[in-house]
Every structure is written in structure tokens, then in C-alpha cells.
S.K.: 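Please read through the structure below; I'll follow up with questions.
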Amino acid sequence: MSDLPPLSDEMRDHMASVASSRAKGWREISRATAPVSEDFVADLRDGTWISRILDSMAWTNEGGERLVATARTILPFERGAASRPLASDVVELQHGNDGDPDLSARCAQQYEWCAAEADAWSSGDEAGGRELRLRQFTDLDGALLDDLIDHCNGLVTGLHSDIHVVIARVITAFLALESGRNLTDPLP
């Protein structure tokens with residue numbers, strides 16, 4: 001990697017910005033795979049969670065159409081939130097969904113690596129930025145992608161509700177952008 005020409009300041013700033021944005025997305029994926037919390041459900045209800053996911057992929061420009069289209073499917077859940085108590089949505093999301101603390105931690109590791117990559121690019125450490133980006137994609141292409149897809153498939157089968165399907169599809173759309181793969185939506 002040391003044979004690569006140095007990047008311009010503008011390109012390093014761009015790489016740092018992308019890595020920082022991607023980190024925010026991984027933080028939200030980590031939250032979505034963890035055991036359900038009131039904070040997460042509140043963020044689903046008021047649109048915060050989906051906004052953060054969309055913001056994390058704004059750098060893709062035209063590549064994010066699938067994510068945007070999928071994100072729109074959460075609108076009925078958000079609109080109906082005012083007529084439902086938070087506690088009922090927490091129970092609904094917990095039903096048949098214990099979360100996966102190990103998977104959540106692995107997604108949190110992606111967040112940490114992305115944040116460190118952003119810091120590396122910002123400080124001019126191109127080798128460090130490249131190494132951290134490689135680490136992220138090596139991990140994702142290892143078992144993480146398959147495990148996340150399995151988690152999403154688990155969300156949409158059995159006694160789950162429509163919001164489980166929406167979350168699984170948002171995660172899958174995010175993963176399609178992160179991995180560069182043409183992933184199919186999990187089907188109930």
C-alpha cells in the first residue's frame with residue numbers, strides 16, 4: 001500500500017467525511033440488532049433512527065435509492081405512533097425478537113473502526129485510513145454480512161410484526177450499500 005500516491009487534502013477530507021458518516025450508520029445498525037430498548041423504540045417512533053441511517057449514506061448520491069425507498073416504508077409506523085403508547089411498541093418489538101448482543105457488538109466494532117478511519121484520514125494518516133477501511137470490509141465479507149442477513153431473515157419469519165419487516169429491509173438496504181452486493185430483501 002505504500003506505493004500508492006498521496007491523496008490531496010480535499011480527497012483526504014472526503015474520505016474522512018465518508019468514514020464518519022458510515023460510522024453513524026453502523027452505530028444505528030448496532031442498536032437495531034441489540035435487545036430492544038425504550039430509547040431505540042422512541043427513535044423509531046419519531047423518525048430519528050431512520051433519519052440517522054439515511055444521513056449515514058448521504059455520501060452515496062444516486063446509489064442510495066433503494067435505502068430511501070425502503071426508508072419510506074417506516075412512515076405508517078411513525079404516523080401511528082402518536083395514537084399508541086410507547087410501552088405497547090416496546091412489547092411489539094420485543095415479541096419474538098430477543099436481539100443479538102454479540103451481533104450488536106460486532107456492528108459496534110464496525111462503528112469504532114469507521115470512526116478511527118475518519119480520524120486517520122483527518123490527521124493525514126493515509127496508511128492507517130486504508131488499513132482500517134480494509135479491516136472493515138474484511139470483517140463484513142467474513143461472517144458479519146451473512147450473520148446480519150440471517151438476523152434480518154429471523155426478524156421477518158414467525159410471529160413478527162410489520163415493523164420487524166421494515167427494520168430488516170432497512171438493514172438489508174444499508175448492507176447492500178456497505179458491501180456493494182445486490183442483496184435481496186428478506187421476505188416474511
Side-chain angles (χ1 to χ4, degrees), residues 1-35 37 39-40 42-44 46-71 74 99-152 167-184:
M1 280 193 217
S2 60
D3 294 340
L4 295 172
L7 297 176
S8 67
D9 290 345
E10 181 179 308
M11 189 58 170
R12 275 195 310 276
D13 290 345
H14 173 72
M15 297 298 287
S17 175
V18 168
S20 178
S21 292
R22 291 178 52 247
K24 294 170 188 170
W26 278 109
R27 181 176 48 219
E28 296 308 314
I29 299 303
S30 176
R31 293 179 68 211
T33 55
S37 70
D39 289 343
F40 176 69
D43 285 351
L44 275 177
D46 71 10
T48 300
W49 182 75
I50 198 65
S51 293
R52 288 175 179 162
I53 293 284
L54 290 169
D55 288 348
S56 78
M57 288 292 151
W59 60 271
T60 63
N61 297 323
E62 69 278 348
E65 298 97 357
R66 175 183 178 182
L67 182 59
V68 171
T70 302
I74 205 167
D100 186 334
D102 178 61
L103 187 59
S104 177
R106 291 165 59 203
C107 293
Q109 180 62 67
Q110 285 283 333
Y111 161 77
E112 294 293 334
W113 286 334
C114 289
E117 177 196 348
D119 291 343
W121 290 117
S122 291
S123 71
D125 180 6
E126 292 182 29
R130 287 183 177 109
E131 195 280 321
L132 285 157
R133 177 69 59 101
L134 178 62
R135 188 179 304 167
Q136 295 158 44
F137 288 109
T138 300
D139 185 53
L140 184 61
D141 283 342
L144 182 57
L145 181 62
D146 290 339
D147 292 346
L148 281 164
I149 290 170
D150 288 347
H151 179 79
C152 289
I167 292 168
R169 289 182 176 167
V170 168
I171 292 171
T172 302
F174 175 86
L175 292 172
L177 288 170
E178 275 291 295
S179 69
R181 294 187 187 173
N182 186 15
L183 303 173
T184 58

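In this text, all values refer to a predicted model and were calculated from it rather than measured experimentally.
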S.K.: E178 versus L183: any side-chain heavy-atom pair under 4.5 Å?
M.R.: no
S.K.: Can you find a heavy atom in the side chain of E126 that is under 4.5 Å from one in the side chain of M15?
M.R.: no
S.K.: Evaluate the side-chain proximity of W26 to F174: yes if any heavy-atom separation is below 4.5 Å, no if none is.
M.R.: yes
S.K.: Could you go through D43 and R31, starting from their C-alpha distance and side-chain angles, then the distance that decides it, and tell me whether this counts as side chain to side chain contact (heavy atoms under 4.5 Å, CB included)?
M.R.: CA-CA 10 Å; D43 285 351; R31 293 179 68 211; 2.9 Å; yes
S.K.: Charged N to carboxylate O under 4.0 angstrom, D141 versus R181?
M.R.: yes
S.K.: What is the minimum heavy-atom distance between A120 and L132, and which atoms define it?
M.R.: CB-CD1, 4.4 Å
S.K.: With rounding to the nearest 0.5 angstrom, report the CG to CZ distance, L177 to R66.
M.R.: 8.0 Å
S.K.: Where do A16 and S122 come nearest, in terms of heavy atoms and distance?
M.R.: CB-OG, 3.3 Å
S.K.: If we count only N and O atoms by modelled type, under 3.5 Å, do the side chains of D46 and T48 hold a donor and an acceptor together?
M.R.: yes
S.K.: For the residue pair D139 / Q109, report whether a side-chain donor-acceptor contact shorter than 3.5 Å exists.
M.R.: no
S.K.: Charged N to carboxylate O under 4.0 angstrom, D9 versus R12?
M.R.: yes
S.K.: Going through the distances and angles, do Y111 and I29 end up as a side chain to side chain contact (heavy atoms under 4.5 Å, CB included)?
M.R.: CA-CA 9 Å; Y111 161 77; I29 299 303; over 6 Å; no
S.K.: May I have the step-by-step check of side chain to side chain contact (heavy atoms under 4.5 Å, CB included) for F40 and I167, ending in yes or no?
M.R.: CA-CA 12 Å; F40 176 69; I167 292 168; 4.2 Å; yes
S.K.: Can you tell me how far CD1 of I74 sits from CD1 of I50, rounded to the nearest 0.5 angstrom?
M.R.: 5.0 Å
S.K.: Are side-chain heavy atoms of P101 and P35 found at a separation under 4.5 Å?
M.R.: yes
S.K.: Assess the side chains of E117 and W121: does a donor N or O sit below 3.5 Å from an acceptor N or O?
M.R.: yes
S.K.: Quiz question: by atom type and distance under 3.5 Å, do the side chains of S56 and S21 form a donor-acceptor pair?
M.R.: no
S.K.: Does the pair L103 and L148 meet the rule for a side chain to side chain contact (heavy atoms under 4.5 Å, CB included), with working shown?
M.R.: CA-CA 7 Å; L103 187 59; L148 281 164; 3.8 Å; yes
S.K.: How far apart are the closest heavy atoms of G25 and I53, and which atoms are they?
M.R.: O-CD1, 4.0 Å
S.K.: In Å and rounded to the nearest 0.5 Å, what is the CG to SG distance from D147 to C107?
M.R.: 9.5 Å
S.K.: Rounded to the nearest 0.5 Å, how far apart are CD of Q110 and CG of L140?
M.R.: 6.0 Å
S.K.: Is there a side-chain contact between T138 and R135 (heavy atoms, below 4.5 Å)?
M.R.: no
S.K.: To the nearest 0.5 Å, what is the distance between CG (D100) and OG1 (T33)?
M.R.: 7.0 Å
S.K.: So does E28 pair up with K24, basic N to acidic O under 4.0 Å?
M.R.: no
S.K.: Side chain of S51, backbone of G47: donor and acceptor closer than 3.5 Å?
M.R.: yes
S.K.: Roughly how far, to the nearest 0.5 Å, is CG of L144 from OG of S179?
M.R.: 10.5 Å
S.K.: How about CG on D102, more than 12 heavy atoms from neighbouring residues, nucleotides or ligands closer than 6.0 Å, or not?
M.R.: yes
S.K.: Strictly distance-based, threshold 3.5 Å: is any side-chain N or O of T70 a donor or acceptor partner for the main-chain N or O of V170?
M.R.: no
S.K.: Do R22 and Q136 have side-chain N/O donor and acceptor atoms under 3.5 Å apart?
M.R.: yes
